[in-house]
Amino acid sequence: MSSDLYRIDAKAEGNPSQAMMLGPMFQMLLEDRFKMKFHIESKEAPVYVLTVGKGGPKLQAAKEGGAFISTVTIRHRG
């Protein structure tokens, strides 16, 4: 299986939330423009649990107004 990376620039009417744009609106765009179909399935899988170590958290808070970056990888059989 190979992967191609595409950049999709689109404008939304009104002021939809980021979750709305990356969820239902994005899915509708891909279905309409690229004739892609989706399905959702649930699976049980092993997971990792992140915990704070003895020295406390070492992460820094995100800066207000920072960039939101989203990359979409579309896999196809080829």
Side-chain angles (χ1 to χ4, degrees):
M1 186 181 313
S2 63
S3 297
D4 291 329
L5 192 62
Y6 296 91
R7 178 183 171 131
I8 299 173
D9 294 319
K11 291 185 179 182
E13 292 182 11
N15 191 19
S17 68
Q18 196 72 27
M20 182 67 127
M21 287 193 295
L22 291 177
M25 291 177 79
F26 188 62
Q27 183 175 339
M28 285 176 23
L29 177 121
L30 292 175
E31 287 177 354
D32 181 51
R33 300 288 170 94
F34 300 102
K35 307 302 181 220
M36 297 178 79
K37 298 294 179 195
F38 295 86
H39 76 276
I40 297 173
E41 66 181 46
S42 297
K43 287 185 180 181
E44 286 191 28
V47 297
Y48 292 96
V49 175
L50 298 176
T51 59
V52 177
K54 292 180 184 177
K58 307 250 185 305
L59 299 173
Q60 297 176 358
K63 295 179 182 176
E64 190 170 325
F68 177 83
I69 299 171
S70 176
T71 302
V72 177
T73 302
I74 301 174
R75 299 188 189 283
H76 65 89
R77 295 179 185 160

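Because the structure is a prediction, the values reported are computed rather than measured. By convention here, the first residue in the shown sequence is residue 1.
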- Query: What distance do M25 atom CE and Q18 atom CD have between them, rounded to the nearest 0.5 Å?
  - Reply: 11.0 Å
- Message: Using the side chain to side chain donor-acceptor pair (under 3.5 Å) criterion, which residues pair with R7? Sequence neighbours excluded.
- Response: D9
- Message: Just to verify, what does P24 make a side chain to side chain contact (heavy atoms under 4.5 Å, CB included) with, not counting sequence neighbours?
- Response: M20
- According to a 4.5 Å side-chain heavy-atom criterion applied to Ile, Leu, Val, Met, Phe, Trp and Tyr, with indirect links allowed, do L29 and M21 form part of one hydrophobic cluster? no
- Note on the structure: When every non-hydrogen atom of E31 is compared with those of M36, the smallest separation belongs to CG-O, 3.1 Å
